[in-house]
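One structure is given below, encoded as structure tokens.
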Amino acid sequence: MDTFADYILNEENLAAKMEIVYYLSKKEKIYFDKTIIVKTELARLFLKYNKLDLDENIVLTACLLCNCKKVENVRNLDEIKNYAKNGAKYLQTLGFDQKFCKICEEVNRYNGNKNREKESDIIELVEQFGGMLLDRPERIGFKPDEAIVLLIHRNLKGKYNRYIEIFTTFINMIDEIDMGEFVEMKALKKLTKLYNETDELIEFIKKIANQYEPQIDALMDKKYNKIKEEMFEENMKNNRPLFTEETTKKILNDIEERKQIATSQSNI
């Protein structure tokens, strides 16, 4: 019999996955809010435009579920340290395999695992960076460039994350995208604006899926195609012979000698 894990992993549509987790959260009282949608969308964009050797389905599903046992209004450090571990145990009961649960447990560094899964590094980046973009009761959200500086020099200082440089480059690139219709509105600012102005979780999921994703994907595709064209033109402009002139002469002489030998042998 299929498990919940089979059910959600077999669902290919990301918005549908989000709705599945939403209804699971209502039934099981697990943690699921708009912040998770923002972080998952960042992961989707990062994976789509960086062609990493990772299973996108696993990463995005883990993004949606890794905080399932997170505690709101946390009262002590133990709750912070243990929520990911407790979440991994809970996900096992839903039919997820050991690797998936380990990926989710490694959303933070409290478990002390040194041999981290590649997928966990992606989740860690979007979890921390996405969290810094959003307003909290005690502070307003950071600007993307400020969040990147804090991510590198505070949150992950002294820690190895295999994708941090690629992620930084990607964030700098996406933050150049203008999604405004009448006034300038950068892509990450548009994402946080939708977050701030939408109260209902299901409505937010629909806005991300039906408004934000089609627009950002079209603009990103256009930007990447332009980069490819510029790279091609630059390569054509700076085109160099494969061999030096001296090497070319040697190769041509060698070909000519081989032709002469072949001709003489055929006349024997």
Side-chain angles (χ1 to χ4, degrees), residues 11-18 36-64 118-119 121-130 132-134 141-149 151-152 161-198 204-242:
E11 174 55 65
E12 296 180 359
N13 183 276
L14 181 55
K17 277 184 188 290
M18 291 176 179
I36 294 172
I37 306 304
V38 170
K39 295 165 185 176
T40 305
E41 174 61 14
L42 289 172
R44 184 194 72 84
L45 286 166
F46 182 62
L47 291 171
K48 180 174 181 178
Y49 292 100
N50 283 282
K51 311 300 181 188
L52 303 175
D53 184 23
L54 293 169
D55 187 330
E56 179 179 328
N57 184 34
I58 294 293
V59 176
L60 297 182
T61 306
C63 279
L64 294 173
K118 293 186 293 184
E119 296 86 352
D121 278 1
I122 302 291
I123 295 171
E124 177 181 61
L125 291 171
V126 299
E127 173 75 15
Q128 299 205 30
F129 176 79
M132 285 189 281
L133 291 181
L134 305 174
F142 293 101
K143 295 178 181 178
D145 57 343
E146 296 171 337
I148 282 291
V149 170
L151 180 67
I152 296 171
N161 184 301
R162 54 176 63 82
Y163 299 115
I164 183 65
E165 291 183 9
I166 306 172
F167 185 75
T168 300
T169 301
F170 176 72
I171 291 301
N172 290 334
M173 178 180 290
I174 198 173
D175 198 39
E176 294 175 356
I177 301 290
D178 182 11
M179 296 182 71
E181 297 178 5
F182 304 107
V183 295
E184 184 179 81
M185 176 71 68
K186 297 301 185 183
L188 295 176
K189 181 66 176 176
K190 179 69 176 288
L191 183 59
T192 57
K193 183 175 185 293
L194 287 173
Y195 170 88
N196 289 330
E197 70 184 17
T198 311
F204 185 53
I205 292 171
K206 289 177 180 177
K207 282 188 177 181
I208 294 297
N210 299 327
Q211 298 177 27
Y212 187 80
E213 286 185 9
Q215 187 181 4
I216 186 62
D217 284 354
L219 291 170
M220 287 295 287
D221 287 343
K222 185 177 179 181
K223 186 174 183 67
Y224 268 75
N225 288 335
K226 184 179 179 183
I227 290 171
K228 287 177 186 176
E229 288 174 9
E230 290 173 351
M231 287 176 65
F232 178 76
E233 289 171 3
E234 189 66 23
N235 287 338
M236 292 295 289
K237 200 183 298 179
N238 298 325
N239 193 26
R240 297 285 182 272
L242 184 60

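Of all heavy-atom pairs spanning Ala147 and Leu133, the tightest one is CB-CD2, 4.4 Å. Considering every non-hydrogen atom in both Ala209 and Glu213, the closest pair reads O-CB, 4.0 Å. What you find for Asp121 and Asn161 is that their closest heavy atoms are O-ND2, 3.1 Å. Closest non-hydrogen pair, Val126 versus Cys63, comes out as CG2-SG, 4.1 Å. When every heavy atom of Leu60 is checked against every heavy atom of Arg44, the shortest pair comes out as CD2-N, 3.6 Å.
By the 4.5 Å heavy-atom criterion applied to side chains, Glu12 and Asn57 are not counted as neighbours. Leu188 has its side chain within reach of Leu42: a pair of non-hydrogen atoms, C-beta onward, lies under 4.5 Å apart. In this structure the side chain of Thr40 never reaches within 4.5 angstrom of the side chain of Lys17, judged on heavy atoms. In this structure, Ile216 and Ile174 have side chains that are in contact, with non-hydrogen atoms separated by less than 4.5 Å. Considering only heavy atoms from C-beta on, Tyr212 comes within 4.5 Å of Met179 through its side chain.
Considering CE of Met132 and CD of Glu127, their distance stands at 10.5 Å, rounded to 0.5 Å. Note that NZ of Lys207 and CD1 of Ile37 are 14.0 Å apart. Values are rounded to the nearest 0.5 Å. Of the inter-residue distances, the one linking Lys118 atom NZ with Ile123 atom CD1 reads 13.5 Å to the nearest 0.5 angstrom. In this structure, Gln128 CD and Lys39 NZ are separated by 9.0 Å, a value rounded to the nearest 0.5 Å. Interatomic distance, OG1 of Thr198 versus NZ of Lys193, reported as 8.5 Å (0.5 Å rounding).
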Worked check of side-chain contact (heavy atoms from CB on, under 4.5 Å) between Lys48 and Asp217:
CA-CA 9 Å; Lys48 180 174 181 178; Asp217 284 354; 3.1 Å; yes

Apply the test side-chain contact (heavy atoms from CB on, under 4.5 Å) to residues Met18 and Phe204: give CA-CA distance (whole Å), side-chain angles for both, the deciding distance (0.1 Å), then the verdict.
CA-CA 10 Å; Met18 291 176 179; Phe204 185 53; over 6 Å; no

Would you please test Asn50 and Tyr163 for side-chain contact (heavy atoms from CB on, under 4.5 Å) and show each step?
CA-CA 10 Å; Asn50 283 282; Tyr163 299 115; over 6 Å; no

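Counting heavy atoms of neighbouring residues, nucleotides and ligands inside a 6.0 Å radius, atom NZ of Lys190 exceeds 12 of them. More than 12 heavy atoms of other residues, nucleotides or ligands sit less than 6.0 Å from atom CD of Glu197. Summarising the local packing, NZ of Lys189 is surrounded by 12 or fewer heavy atoms from other residues, nucleotides or ligands at distances under 6.0 Å.
Judged as a ring pair (Phe, Tyr, Trp, His ring centres under 6.0 Å), and not counting sequence neighbours, the contacts of Phe46 are Phe167, Phe170.
A donor-acceptor pair is defined here as one N or O able to donate and one able to accept, closer than 3.5 Å; no such pair exists between the side chain of Tyr195 and the backbone of Val38.
Applying the salt bridge (Lys or Arg N to Asp or Glu O under 4.0 Å) test to pairs two or more places apart or on separate chains, those with a residue in residues 165-183 are Glu176-Lys223.
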